[in-house]
Amino acid sequence: MLRYTLLLFSFSFHIVCFGQTKDEMIKSIADSKKSIETLIKMTSLEIRLESNSKAFDPKDNFNFHEISSSKDKNSLDSTLNRYFSNLYVGGAIMPPYNFISLKKDENELIKILGVDNFYFHDRNNKYPKMTPVKFIFLDKTEQDSKGLFETAETLKEKYGKKEPEGYYSDIDSTKLDDADKYLLTESSSFYQEYKVKTQKPIAAVVMDIEFPIKGSSVQNISNDHKIVQTAHGNIELKGLKDNVLILEIPNDLEKSIQVLALYQDGRRLAEKSSNSNTVFSKEKVDAFQKLLPAYDKALKEIEKGNIKDGEALKSFITKEAKIDVDALETPDKMQKTYRFSGPIATVQLKIEETNSNVFKTQVTYHLKSVENQDYLIATDFNTEKRGLVDTKGNWIVAPKYNAHFRQLNSYFYTDQIDDHDQTYYFNPTTKILQEVAYKIDDTEIYGGKYVKIETKVNGPIGVIDANTGKFLIPMKHGFIHYESPYSYTRPNP
């Protein structure tokens, strides 16, 4: 059994937000008095926590987390360059736009940095900033990105309301066009989406990448060394037994500290749960107590008609109690309880440094889906129908096919209508897409133009010249093997 005494305050209260009318002021005083009286009763509250009674198996790897090895700057830069260079980038052609999707591998980035899984939560300013600087089109032309693209973030900055915490809310949807709304809908924590106002298919995008990285120091805390001093105040150990750890942390450090609990052999124990409460100092609780008689006097003045609104009430209480009531509402510290997978031998505190180093690099991302293509599937943004465009983004085959329309190879396409799969042949000379009454046995193009076809799935096989659409071998064979541009093996005639 683990016992400790703490001072916590984790419920709503009202000290400054007084009403304007007489009844509202009287009610707000009553609410504040009730909250403060409850707080005072909790100042010496004893809370008992039971440590984990479940048997701990040191051979079970799920009880441990990997400890990332620290990297010097050159090693970290090399690892980050490799990480950013290998990110997947895909695209969708939706005339008159292109949409680019860059996959975020947040878990890998967390692993590289050696931080906890919640590192980027509510820390948008710490996430890599990836800005297109140039677009390279399939027709070999290039264009600077300025004024050409939008992201969910740029839309929020333009049309949203910036909150004190730094994020944007209440986006004015009346100022968004349909493409903006589509961009916001498609954006997620897994992909960075870009809307590019051009109909020409994009083959590659050059990105400038900036990533703020803060250094960190590691300090031990234990029952023999219960206080760690920082620039933001002291971190204090309030309890440590078996698999349970209790720390009192300055509010300014709450998002800048990572707690590592180590097993006796040095392996890092897995964190199973945590919870936290705001904490007020004894001095601040004493100040709260001084407010009570000031409230009683204020009630009398309200009844006499000497205090007529909230501002006058606040001024009276501040003068009577000789306290800055605004400052009282801010908790001093956060008291946090952690439970780990097994008995804790050592506690390490990984504390972020104040200043950041900015990692910078530039990467050219090639869109794999458009490589070596002369004609590409595109979706009309307004109708959501699919067709084919050339390297300039001009429609070669009008957009009239459904969302299942997809490419099999350079000559053949398919879609699904209800339960029926329809195959289409595209003639590169006439630029006509037409329905055909056969299936594709093998999507590979042999000798640059030969394609194996079949009457139905797993049906008799034949061969077609894909350049002309001419049948070379009729579909009546069980097996055909391509040997050379002039030779096929056909075991059964």
Under 4.5 Å between any side-chain heavy atoms of [X] and [Y], yes or no?
{"X": "F120", "Y": "E106", "result": "yes"}
{"X": "T337", "Y": "N277", "result": "no"}
{"X": "T414", "Y": "R406", "result": "yes"}
{"X": "L176", "Y": "L184", "result": "yes"}
{"X": "I136", "Y": "V206", "result": "yes"}
{"X": "I100", "Y": "V196", "result": "yes"}
{"X": "I302", "Y": "I26", "result": "yes"}
{"X": "K385", "Y": "T379", "result": "no"}

With distance as the sole test, does [X] use its side chain to make a donor-acceptor pair with the main-chain N or O of [Y] at under 3.5 Å?
{"X": "S341", "Y": "A270", "value": "yes"}
{"X": "D309", "Y": "E311", "value": "yes"}
{"X": "K22", "Y": "I307", "value": "no"}
{"X": "T79", "Y": "S75", "value": "yes"}
{"X": "N402", "Y": "Q416", "value": "yes"}
{"X": "S145", "Y": "L148", "value": "no"}
{"X": "R267", "Y": "P58", "value": "yes"}
{"X": "S85", "Y": "R82", "value": "no"}
{"X": "N98", "Y": "K200", "value": "yes"}

Does this structure show an ion pair linking [X] with [Y], if we count only N-O contacts that are shorter than 4.0 Å?
{"X": "E353", "Y": "K214", "answer": "no"}
{"X": "D23", "Y": "K27", "answer": "no"}
{"X": "E254", "Y": "K333", "answer": "no"}
{"X": "K238", "Y": "E236", "answer": "yes"}
{"X": "K59", "Y": "D57", "answer": "no"}
{"X": "D296", "Y": "K33", "answer": "yes"}

Does R386 qualify as a cation-pi partner of F405, given the criterion of NZ or CZ under 6.0 Å from the six-membered ring centre and within 45 degrees of its axis?
no
Mark yes or no: K104 above the aromatic ring of Y127, with NZ or CZ under 6.0 Å from the six-membered ring centre and no more than 45 degrees from the axis.
yes
So how far is it from [X] [atom1] to [Y] [atom2], rounded to the nearest 0.5 Å?
{"X": "I171", "Y": "K156", "atom1": "CD1", "atom2": "NZ", "answer": "5.5 Å"}
{"X": "I36", "Y": "Q289", "atom1": "CD1", "atom2": "CD", "answer": "9.5 Å"}
{"X": "Y295", "Y": "S28", "atom1": "OH", "atom2": "OG", "answer": "8.0 Å"}
{"X": "D252", "Y": "H232", "atom1": "CG", "atom2": "NE2", "answer": "6.0 Å"}
{"X": "K241", "Y": "N243", "atom1": "NZ", "atom2": "CG", "answer": "11.0 Å"}
{"X": "L376", "Y": "I93", "atom1": "CG", "atom2": "CD1", "answer": "4.5 Å"}

So, [X] versus [Y]: side-chain donor-acceptor pair below 3.5 Å or not?
{"X": "N81", "Y": "T361", "value": "yes"}
{"X": "D139", "Y": "T141", "value": "yes"}
{"X": "Q229", "Y": "Q219", "value": "no"}
{"X": "S216", "Y": "E352", "value": "no"}
{"X": "S222", "Y": "D224", "value": "no"}

With under 30° as parallel and over 60° as perpendicular, where do the rings of F84 and F211 fit, or are they tilted in between?
perpendicular
Over 60° means perpendicular and under 30° means parallel, so classify the ring planes of F381 and F99, tilted if in between.
parallel
Should K158 and E150 be marked as a salt bridge (charged side-chain N to carboxylate O under 4.0 Å, His left out) after you check the CA-CA gap, both sets of side-chain angles, and the distance that decides it?
CA-CA 10 Å; K158 284 183 180 179; E150 293 279 9; 2.5 Å; yes
Step-by-step side-chain hydrogen bond (donor to acceptor under 3.5 Å, both in side chains) determination, Q258 to Q348:
CA-CA 8 Å; Q258 184 180 6; Q348 293 182 340; over 6 Å; no
Does [X] have more than 12 heavy atoms from other residues, nucleotides or ligands lying within 6.0 Å of its [atom1]?
{"X": "K181", "atom1": "NZ", "value": "yes"}
{"X": "K297", "atom1": "NZ", "value": "no"}
{"X": "E384", "atom1": "CD", "value": "no"}
{"X": "K129", "atom1": "NZ", "value": "no"}

What verdict does the side chain to side chain contact (heavy atoms under 4.5 Å, CB included) test give for F137 and E142, after you've listed the backbone C-alpha separation in whole Å, the side-chain angles of each residue and the deciding distance to 0.1 Å?
CA-CA 6 Å; F137 300 103; E142 300 179 357; 5.8 Å; no
Between [X] and [Y], what is the shortest heavy-atom contact and its length?
{"X": "L87", "Y": "M130", "answer": "CD1-CE, 3.9 Å"}
{"X": "Y194", "Y": "Q192", "answer": "OH-CG, 3.2 Å"}
{"X": "P201", "Y": "T391", "answer": "CD-O, 3.4 Å"}
{"X": "I246", "Y": "Q335", "answer": "CG2-NE2, 3.0 Å"}
{"X": "S274", "Y": "K336", "answer": "OG-CE, 3.9 Å"}
{"X": "H366", "Y": "A204", "answer": "ND1-CB, 3.6 Å"}

Go through L262 and I344 one step at a time and tell me if the side chain to side chain contact (heavy atoms under 4.5 Å, CB included) criterion holds.
CA-CA 6 Å; L262 308 184; I344 302 169; over 6 Å; no
Aromatic centroids of Y365 and Y88 separated by under 6.0 Å:
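That pair fails the under 6.0 Å test.
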When you look at L349 and L247, which way does the side chain to side chain contact (heavy atoms under 4.5 Å, CB included) test go after all the steps?
CA-CA 11 Å; L349 305 179; L247 295 175; 3.8 Å; yes
For ring-ring contact (aromatic ring centres under 6.0 Å, His included), just list the numbers for F56 and Y263, CA-CA rounded to whole Å, side-chain angles, deciding distance to a tenth of an Å, and then say yes or no.
CA-CA 11 Å; F56 172 72; Y263 186 53; 5.2 Å; yes
Which is it for Y83 and E108 under the side chain to side chain contact (heavy atoms under 4.5 Å, CB included) test, yes or no, and what are the steps along the way?
CA-CA 8 Å; Y83 164 82; E108 181 63 21; 3.9 Å; yes
